[in-house]
Number of protein chains: 2
Amino acid sequence: MIYSSELIKGTLKTIVMKLLEDNKRMYGYEITQRVKELTFDKIQITEGALYPTLHALEADGLVTTELEYNGKRARKYYSLSKEGKAKTKEKVSELADFMNTMKFLLDIQTLPA
Amino acid sequence: MIYSSELIKGTLKTIVMKLLEDNKRMYGYEITQRVKELTFDKIQITEGALYPTLHALEADGLVTTELEYNGKRARKYYSLSKEGKAKTKEKVSELADFMNTMKFLLDIQTLPA
DNA sequence: GCAAATACATAATATTCTTATGTATGTTTG
DNA sequence: CAAACATACATAAGAATATTATGTATTTGC
């Protein structure tokens with residue numbers, strides 16, 4: 001089962017930022033694979049969604065980038081800026097709050113923490 | 001605090017359907033007020049978002065409508081069709097699953113059920 | 001050596017929301 | 001009693017963000 005794409009909308013940026021918070025630095029393709037792995041294939045981030053998102057984070061000064069070569073193969077590593085770290089905490093906290101509200105609204109049982 | 005609008009994206013349809021499941025029939029304006037009330041003003045559905053959503057549900061055969069007059073004031077009541085009821089269960093269940101995945105992915109603590 | 005995986009990127013399109021606008025009725029309050 | 005506010009519907013222009021398709025190039029596995 002893969003979640004219908006509309007559910008991902010609005011959470012992609014937060015997912016990416018949280019991964020960067022946990023892993024210090026990651027490159028794009030790595031992010032898609034990590035999310036796939038961590039969600040048992042239920043969330044599959046497409047490249048057409050990810051790269052524009054990463055570029056937007058960079059344009060907003062929330063991440064910095066370093067281009068590195070592994071042989072001839074280029075990898076663009078992303079790291080949270082100071083501002084990005086603060087923003088990540090905000091975003092994750094807002095999402096947690098939102099999820100509690102949705103639980104209440106939809107009378108949903110989630111797994112215990 | 002009002003949630004940044006991007007969070008609502010993708011969940012609006014499910015929220016509306018769940019409310020209709022719980023309340024048998026509701027009209028548009030009532031839905032906006034009920035959501036506002038149930039979420040302590042944190043989620044405010046705009047009319048520009050709600051009405052197109054309701055029309056889409058109707059076009060998909062998931063709801064039926066009845067136009068009623070309260071004096072000269074028209075109200076359009078929405079009810080889930082049989083197909084809509086089944087779809088609502090699917091949607092709510094998928095969202096619950098998604099929220100568990102997000103909890104895990106973001107290492108979020110939600111309130112106990 | 002060919003297919004699949006890795007790794008980046010962008011463009012056209014679709015979806016779905018915000019913001020703005022429009023119409024009209026009913027209620028409250030100074 | 002007029003004005004402001006609330007109720008109630010609706011649509012259109014624009015913004016944001018995803019999908020799908022496409023492109024380029026390198027590396028790995030069989």
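Here is the naming used below: chain letters follow the sequence lines, and residue numbers restart at 1 for every chain. Everything numeric here is computed off the predicted structure, so don't read it as measured data. FYI, side chains are in, hydrogens and waters are out, and symmetry mates aren't considered; it's all heavy atoms of this structure.
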Asker: Let's see if you get this right: which residues in residues 8-45 of chain B place a heavy atom under 4.0 Å from DNA chain D?
Answerer: B/Tyr27, B/Gly28, B/Tyr29
Asker: Considering the options B/Asn23, B/Thr65, B/Thr64, which one meets the side-chain contact (heavy atoms from CB on, under 4.5 Å) requirement together with B/Tyr78?
Answerer: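 Passing option: B/Thr65.
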Asker: What pair of heavy atoms forms the shortest contact from A/Met99 to B/Lys103, and how long is it?
Answerer: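 Taking A/Met99 first and B/Lys103 second, the nearest heavy atoms are CE-CG, 3.7 Å.
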Asker: Considering only nitrogen or oxygen atoms on both sides, find all protein atoms under 3.5 Å from nucleotides 21-28 of chain C and state each distance.
Answerer:
residue	atom	partner	partner atom	Å
C/dT25	O2	B/Arg73	NH2	2.1
C/dG26	OP1	B/Lys72	N	3.3
C/dG26	O4'	B/Arg73	NH2	3.0

Asker: Taking B/Lys42 first and then A/Asp97, would you say they form a salt bridge - that is, a charged N and a carboxylate O separated by under 4.0 Å?
Answerer: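 So B/Lys42 pairs with A/Asp97 through a salt bridge.
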Asker: Using 4.0 Å as the upper bound for N to carboxylate O, is an ion pair formed by B/Glu21 and B/Lys91?
Answerer: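 Salt bridge absent between B/Lys91 and B/Glu21.
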Asker: What are the two closest non-hydrogen atoms of A/Ser79 and A/Glu66, and how far apart are they?
Answerer: OG-OE1, 4.3 Å
Asker: I need the CG-P distance between A/Leu7 and C/dT16, as an integer number of Å.
Answerer: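 Going from CG in A/Leu7 over to P in C/dT16 covers 11 Å.
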Asker: Specify the separation, in whole Å, of atom OH of B/Tyr3 and atom P of C/dT18.
Answerer: 15 Å
Asker: Does the plane of the ring in B/Phe104 sit parallel, tilted or perpendicular to the ring in A/Phe40? Use 30° and 60° as the thresholds.
Answerer: parallel
Asker: Taking only side-chain nitrogens and oxygens of A/His55, does any of them come within less than 4.0 Å of OP1 or OP2 of C/dT10?
Answerer: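 Result: yes.
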Asker: Please confirm whether the shortest side-chain N or O distance from A/Thr53 to OP1 or OP2 of D/dT17 is below 4.0 Å.
Answerer: no
Asker: Ignoring hydrogens, what is the shortest heavy-atom contact between B/Thr32 and B/Tyr29? Give both atom names and the distance.
Answerer: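 Scanning both residues, the minimum pair turns out to be OG1-O, 2.6 Å.
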Asker: Do the side-chain N and O atoms of A/Tyr3 and B/Thr101 include a donor-acceptor pair separated by under 3.5 angstrom?
Answerer: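 The answer is yes; a qualifying pair exists.
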Asker: Assuming nearest nucleotide by heavy-atom distance, tell me which of A/Arg75 and B/Leu50 is located more 5' along DNA chain C.
Answerer: A/Arg75
Asker: So what does A/Ala74 hit on the nucleic acid, given a heavy-atom distance under 4.0 Å: a base, only sugar-phosphate, or nothing?
Answerer: sugar-phosphate
Asker: For the pair made of CG in A/Leu54 and C1' in C/dC8, what is the distance, rounded to whole Å?
Answerer: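 From A/Leu54 CG to C/dC8 C1': 11 Å.
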Asker: Is B/Tyr51 close enough to D/dA10 that one of its side-chain N or O atoms is under 4.0 Å from OP1 or OP2 there?
Answerer: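 No.
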Asker: Closest nucleotide of DNA chain D for B/Leu67 versus for A/Thr46: which of these residues is on the 5' side?
Answerer: B/Leu67
Asker: Just by distance, do the side chain of A/Ser81 and the backbone of A/Gly61 share a donor-acceptor pair under 3.5 Å?
Answerer: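 Here the side-chain-to-backbone pair exists.
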